[in-house]
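Notes to accompany the following structure.
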Amino acid sequence: MSNLLENLNPAQRRAVETVAGPVLVVAGPGSGKTRVLTHRIAYLIAATGADPFTILAVTFTNKAAREMNERLEALIGPAQARALTVGTFHSLCARFLRRDIVHLGRERDFAIYDSDDQERLMRRVLRDLNLNEKQYAPRAIHARISSAKNELISPQEFARLNRSYFDEIVTRCYERYQTLLREANALDFDDLLFETVRLFDQHPDVLARYQERYLYLLVDEYQDTNHAQYVLIKQLAARHRNLFVVGDADQSIYGWRGADVRNILQFEQDYPDARVIVLDQNYRSTQSILDTAQAVIAAGTKRKHIKQLWTANGAGPQVTLHEGYDQDAEASFVADEIARLVATGEARYRDCAVMYRTNAQSRALEEALSRRGVPYQLIGGLRFWERKEVKDTLAYLRLAANPYDSISLTRVLNWPARGIGERTEAELSRWAESLGVPLYQALKELEADPAGAPFSPRAVTALRGFLSLIDGLIAARREAPLLKLIEMLVERIELRETLFREYGEESADERWANIQELAAFAARYDGLPLEQQLPQFLEEVALVADVDRIDPQADAVTCITLHQAKGLEYPVVFLVGLEEGLLPHSRSTDDRERLEEERRLLYVGITRARQRLYLCYAFRRESFNRSNISKPSRFLADIPPGLLKRPGRPSASTRVRPAAAPARQRPTRPGDTWRAPAPPRAAGGPTEVSFFPGQRVRHSAFGEGVVVSSRLVDGDEEVTVSFADRERRLLASFARLERLK
DNA sequence: GACCAGCCGTTTTTT
DNA sequence: ACGGCTGGTC
C-alpha cells in the first residue's frame with residue numbers, strides 16, 4: 001500500500017502509520033489533516049488488514065462525514081467504505097440510542113428536539129411553574145440547563161451543586177423540562193450525548209459490545225469536544241486504546257457551547273503513552289496569508305503546542321486591508337472586487353467566500369451582490385429546517401412517528417385553523433395534566449368517552465377531527481412510503497391552499513417551494529425499508545447542519561459565518577466587519593477567555609484563504625436603526641502594517657472608476673417608497689429635510705449626484721445620494737452638499 | 001374563534 | 001426594519 005503513503009510528508013506519514021495506541025495530532029490549518037484521517041483509515045484496512053466494521057470515525061459536521069466517505073470510496077472501494085462507521089457525535093449517539101435506549105427503559109422511536117422545540121418546551125415549563133417569561137428568559141434558563149447537561153450534571157446533582165436564587169429556579173425548570181421531554185418521548189441535542197453516556201455507564205454489557213466492535217477510534221476537531229463527548233470517547237476507547245484524535249487548540253471556537261479546550265490540552269495526561277505528532281506545514285495558503293494569521297494568533301495568550309506554520313507556497317499577493325464608509329460601502333467593495341476578479345479571469349464566483357461574525361451582517365452583502373448581479377449562496381441565517389412552514393409540516397410527520405411529541409402536537413393543533421383556539425388548547429393541556437398523560441393520550445381518552453371530558457360539543461368535534469387526521473397519518477406511515485405519506489398530508493390539510501390563504505401571493509410561492517424541497521429531500525429515503533424511512537428522515541432533518549447544504553457545483557459566491565466556515569477553504573476570502581463590537585463581539589469583550597476565542601475566530605477566518613485575503617471594516621455601521629461610528633478591530637493592530645496593502649481609500653483624493661454603469665436606483669421593494677419624514681425632535685438640528693428625491697447635488701469629492709432620499713436622524717439630516725459610482729449616505733451638516741439648479 | 005392593528009424585542013456564534 | 005405576540009373588535 002505504498003501509494004497510500006506517497007505524497008505525505010514525514011509527519012503525516014507517521015500519523016498514518018502509527019496504528020496502535022493513543023495518538024494526538026496537532027494539526028495547524030491547511031496541514032492536510034483530512035488527508036491524514038482518510039489515509040489512516042485506508043491504511044488500517046489495506047495495510048494492516050483491519051475490518052472496516054471495527055473503525056469508528058467522528059467528524060464535526062455531517063458534511064465532513066459524507067466527504068470522508070466519498071474519499072474513502074475512492075481509496076478502498078464502496079463496499080469497504082460502507083462498512084465504516086462515520087458521523088458526528090450527535091448522529092452517532094442517535095444511532096446508538098435507536099438501538100439500545102430500550103435498556104434505559106425508553107422507547108426507540110424518540111423525537112429529537114431542536115433549539116426551536118427546546119425553547120417552546122422551556123416556555124411550557126415556565127408556564128407550568130407559574131414563572132414569568134419576561135423575568136426569566138427561557139433561552140437563558142435553557143442555556144444553563146444545556147451547559148449542565150454538557151457537563152453530565154443531572155437535575156438532582158444540579159440541585160445539590162447550586163445555591164443561588166437563580167439556580168434554584170433553574171433546578172425546578174430543569175426537573176420539569178426533563179419530565180416533559182420524557183413524557184413526549186423526546187430527547188434534546190444535549191440528551192443524545194448525555195443519555196448515551198448514561199447508557200454506557202449503567203449497562204457495562206452494552207458498552208462492552210461497542211468497545212469490542214470498535215477497535216479503532218478517530219476523532220476530528222478534538223479541540224471542540226465538550227465534557228460529555230470527552231467522556232463518551234473515553235468510555236469507547238477504554239478497552240483497545242487505539243484512539244486517534246486530531247485538533248488544534250488555536251482553532252477552538254465553540255467554548256460558548258460547552259466545548260472544553262482542556263480536552264485536547266490534557267490529552268497527554270489522560271493518555272501518558274500518547275504519541276504527539278505536529279503537522280505544521282501548511283499546504284493551503286500563501287506565505288502572506290500565513291504571516292497574517294500567525295501575527296494574529298501569536299498575540300494571543302495561554303497557548304500550548306505552539307506551532308510555527310510554514311509553507312512552500314509562494315508569497316502570493318499582499319493581504320488587502322480595506323476601510324469602507326459604512327456597511328453598504330463595504331459590501332459594494334466586496335461585490336465590485338469579486339466582479340473584477342471574475343472579469344479578469346483571476347477567479348470564478350465559486351472560488352470566493354465572504355465571512356462575517358453575525359448572520360445579520362449578510363443583509364448588506366446580499367443587497368450589494370445582487371445589485372451587481374453576482375450570484376451567491378447564503379449559508380445559515382434562517383435555516384431551512386427551521387422555517388415556519390417547514391417546521392409546521394414536519395410537525396405532522398413527527399407526530400406520525402411519535403404522537404406523544406406534545407410540542408409538535410400543539411404546533412399544529414390549530415394549523416391550519418380548525419376551530420381549536422387558545423381556550424380549547426389550554427383546556428386540553430390542563431385536562432391532560434390532570435390525567436397525567438401526554439396530549440395525544442388525552443385525545444384518545446376523549447375519543448373513548450366524550451362525556452367525561454370538559455369540552456363543548458363544538459370543541460369535541462374539532463378535537464376528534466384532529467385526532468382522526470393524526471391517526472390516519474400514523475396508519476399511513478406503516479403501509480406507505482414516506483413520499484406517499486407527505487402527499488397524503490399535503491392533500492388532507494390542503495397545504496398549498498393553506499399557505500396561500502395565510503401568506504398571500506408573494507410569500508406563499510416561496511413557502512410552497514420550500515415544502516417541495518422538503519419532499520425532494522424526503523425522496524432520498526425511497527430506497528430504505530419502509531419502517532426506516534420516516535425515522536431516518538426525521539433524524540437527519542434534526543441533525544443536519546446548514547453547511548451541509550452548500551452546493552459546491554453552483555458557480556456562486558458563498559456567504560457564511562466564521563463559525564460555519566471552519567474546515568472550509570476558498571481561493572479568495574473576504575472577512576468583513578472587522579470592528580470592535582463585532583469581532584470581538586461586544587458580548588465577549590469583558591471576558592478574557594471569550595475575547596481570546598474571538599481572536600481565534602479571526603484566525604480561523606484568515607486561514608480559510610488560499611490565495612487572496614481581504615480584511616474589511618467600515619467607518620460607520622448601522623445596527624438596529626442606529627448608525628454608529630465604529631473602530632477597527634483591536635486584532636488588526638496585531639498585524640504588522642508591512643503585511644497589509646491599503647488600496648486608495650474612498651476619500652477625496654481617490655478617483656473612482658469611470659462610471660461604466662449608470663447611477664443605480666435604490667432597489668425597489670414593496671413598501672420601500674419614500675415617505676415624508678417624521679416630525680423633528682432634537683433641539684438645534686434641522687427640523688425638516690432640505691433635500692428631496694430627484695434633486696441634483698454636488699459633493700467636493702464625489703462629484704455630482706442625485707438625491708435618492710433624505711431623512712432626519714438624531715437631529716441631523718441624512719441624505720442618500722446616488723453618485724456616478726454608487727450610492728452614499730451623507731450627513732448634511734458634515735458633507736456640505738451644493739445644490740444644483 | 002378569527003382578524004387586525006400596533007408594539008416589542010431582536011442579534012452572537014450552532015449540533 | 002421585520003416578525004411574532006398582545007389586546008382589541010367583530
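We name chains A, B, ... by the order of the sequence lines, and we start the count at 1 in each one.
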_Value in whole Å for how far the P atom of dT13(B) lies from CZ of Arg257(A)_ = 13 Å

*Verify stack between His585(A) ring and dT12(B) base, 5.5 Å, 30 degrees*: yes

_Is_stacked (Tyr254(A), dT14(B)) at 5.5 Å, 30 deg_ = no

*List for me each residue that meets side chain to side chain donor-acceptor pair (under 3.5 Å) alongside Ser588(A), sequence neighbours excluded, and say none if there are none.*
Glu598(A)

Tabulate protein N/O versus nucleotide N/O from nucleotides 5-10 of chain C, keeping only pairs under 3.5 Å, one per line.
none

*Should Ser586(A) be listed as having a side-chain N or O under 4.0 Å from OP1 or OP2 of dT12(B)?*
no

*Please work out if Asn414(A) contacts a base, only the sugar-phosphate, or nothing of the nucleic acid, heavy-atom cut-off 4.0 Å.*
sugar-phosphate

*asked:* According to salt bridge (charged side-chain N to carboxylate O under 4.0 Å, His left out), who are the partners of Lys631(A), at least two apart in sequence or on a separate chain?
replied: none

*Mind checking what makes side chain to side chain contact (heavy atoms under 4.5 Å, CB included) contact with Asn359(A), not counting sequence neighbours?*
Tyr356(A), Thr561(A)

*Between Arg139(A) and dT14(B), is there a side-chain N or O to OP1/OP2 distance below 4.0 Å?*
no

*Between Gln223(A) (CD) and dT15(B) (P), how many Å, whole number?*
15 Å

*Would you indicate what Ala542(A) reaches in the nucleic acid, counting non-hydrogen atoms under 4.0 angstrom: base, sugar-phosphate, or nothing?*
nothing

*Quick one: list whatever passes salt bridge (charged side-chain N to carboxylate O under 4.0 Å, His left out) with Asp109(A), sequence neighbours left out.*
none

*Step by step, would you call Glu389(A) with Asn514(A) a side-chain hydrogen bond (donor to acceptor under 3.5 Å, both in side chains)?*
CA-CA 8 Å; Glu389(A) 70 280 8; Asn514(A) 287 338; 2.8 Å; yes

*Let me know the distance between CG of Leu602(A) and P of dT13(B), rounded to the nearest Å.*
17 Å

*With a 4.0 Å cut-off on heavy atoms, is Thr424(A) in touch with a base, just the backbone sugar-phosphate, or nothing at all?*
sugar-phosphate

_Students often get this wrong, so: under 4.0 angstrom with heavy atoms, is Asn359(A) touching a base, only sugar-phosphate, or nothing?_
sugar-phosphate

_Using whole Å, what does the distance between atom P of nucleotide dT11(B) and atom CZ of Arg621(A) come to?_
18 Å

_Using the salt bridge (charged side-chain N to carboxylate O under 4.0 Å, His left out) criterion, which residues pair with Asp591(A)? Sequence neighbours excluded._
none

_Nearest heavy atom decides the nucleotide; on that basis, is Phe89(A) or Ser588(A) closer to the 5' end of DNA chain B?_
Ser588(A)

_Distance, rounded to the nearest Å, where Glu540(A) contributes CD and dT15(B) contributes C1'_ = 14 Å

*For Arg418(A) and for Ser115(A), find the nucleotide of DNA chain B with the closest heavy atom, then tell me which residue's nucleotide is more 5'.*
Arg418(A)

*Give the rounded distance in Å between these two atoms: CH2 of Trp415(A) and P of dG4(C).*
13 Å

*Are Ile141(A) and Val125(A) close enough that some pair of their side-chain heavy atoms sits under 4.5 Å apart?*
no

_If the test is side-chain contact (heavy atoms from CB on, under 4.5 Å), which one of Asp190(A), Ile407(A), Leu192(A), Asp191(A) qualifies with Tyr113(A)?_
Ile407(A)

*Verify the contact: side-chain N or O of Gln564(A) to OP1 or OP2 of dT14(B), cut-off strictly under 4.0 Å; return yes or no.*
yes

*Check if the side chain of Arg357(A) and the base of dT13(B) share a donor-acceptor pair of N or O atoms closer than 3.5 Å.*
yes

